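Following: one structure in C-alpha cells, then a few remarks.
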Amino acid sequence: DLVLLKYSVQINGVDEIALMKMDVLDELDELKVCVGYEFCGKVYDTPPQSQAHYSQIKPVFETLPGWQKPIAHAKSKADLDDNARAYLKKIEEFAGARVAVLSTGAERDETVYL
C-alpha cells in the first residue's frame, strides 16, 4: 500500500526506507500496488481522514511486472533486474523517500545497502 507508506513518510519525517523481504516476491508474475483510494467517485492518494470512511473506500491498484530473475541472495542493486529496480523506483517516487536498505534473503548477510 503505497498510499499508507507515503502518509507514514510524511507524518514521521522519514527520508530513507528499509524494504524487507523483497525476495518473497520472486515468484510473482506481476505485482499489484495500491496507489490510491476511490471514495464517492473520486480517487485520492491520501488515506481517509475519518475512520468511518474506511468501510466505503476501494483501493486503486497499479500493476507492475514481476522480476525476470530471482533477487534472492542479490548482493548489490546491479544484481537486480530492470523490473525489480523499477519497483524500487516506483516506491521511492510515490513515497518521497529513498530505499536505503533492501533485504534479499533470510540471512543477515543478505542485506543490500543502496
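Treat the numbers as computed from the prediction; the structure is a model and nothing was measured.
The ring pair (Phe, Tyr, Trp, His ring centres under 6.0 Å) check on F39 picks up H53, with sequence neighbours excluded.
Although no hydrogens or angles enter the test, the distance criterion places no donor-acceptor pair under 3.5 Å between the side chain of T104 and the main chain of D23. Judged by distance alone, the side chain of E92 and the main-chain N or O of V99 form a donor-acceptor pair under 3.5 Å.
Atom CZ in F61 sits 10.5 Å away from atom CG in L2 (nearest 0.5 Å). Rounding to the nearest 0.5 Å gives a distance of 10.5 Å between CD1 of I71 and CD of E110.
Connection of V35 to Y7 is not established within any shared hydrophobic cluster, with ILVMFWY side chains joined at heavy-atom distances below 4.5 Å, either directly or through further cluster members. By the criterion of side-chain heavy atoms lying less than 4.5 angstrom apart, applied directly or through intervening Ile, Leu, Val, Met, Phe, Trp or Tyr residues, L4 is grouped together with V9 in one hydrophobic cluster. By the criterion of side-chain heavy atoms lying less than 4.5 angstrom apart, applied directly or through intervening Ile, Leu, Val, Met, Phe, Trp or Tyr residues, V14 is grouped together with L19 in one hydrophobic cluster. Hydrophobic clustering (ILVMFWY, side-chain heavy atoms < 4.5 Å, transitive): Y54 and V43 are in one cluster. Under the 4.5 Å side-chain heavy-atom criterion for ILVMFWY residues, a single connected hydrophobic cluster contains both L28 and I91.
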Under the side-chain contact (heavy atoms from CB on, under 4.5 Å) rule, what do L88 and M22 come out as? Steps first, then yes or no, please. CA-CA 10 Å; L88 294 176; M22 191 167 152; 3.8 Å; yes

Run the numbers on Y87 and D81 for side-chain contact (heavy atoms from CB on, under 4.5 Å), then give the verdict. CA-CA 10 Å; Y87 177 70; D81 78 4; over 6 Å; no

Applying side-chain contact (heavy atoms from CB on, under 4.5 Å) to V101 and T111, what does each step give before you reach the verdict? CA-CA 7 Å; V101 179; T111 302; 3.5 Å; yes

Between R98 and E16, is the salt bridge (charged side-chain N to carboxylate O under 4.0 Å, His left out) condition met? List the steps. CA-CA 5 Å; R98 78 179 194 93; E16 294 183 332; 3.0 Å; yes

Taking it one step at a time, do L25 and W67 satisfy side-chain contact (heavy atoms from CB on, under 4.5 Å)? CA-CA 8 Å; L25 303 175; W67 355 123; 3.6 Å; yes

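Around atom NZ of K21, no more than 12 heavy atoms belonging to other residues, nucleotides or ligands sit under 6.0 Å away.
For the pair Q68 and D82, the minimum side-chain heavy-atom distance is 4.5 Å or more.
Y37 and P59 get closest at one heavy-atom pair: CD2-CA, 4.1 Å. For the residue pair L80 and K69, the shortest heavy atom distance occurs at C-CE, 4.2 Å. Heavy-atom minimum distance, D45 versus K6: OD2-NZ, 2.9 Å. Smallest separation of non-hydrogen atoms from A74 and V112: O-CG2, 3.4 Å. Closest of all the heavy-atom pairs between A95 and I17 is CB-CD1, 4.2 Å.
Residue pairs meeting the salt bridge (Lys or Arg N to Asp or Glu O under 4.0 Å) criterion with at least one member in residues 26-35: none, sequence neighbours excluded.
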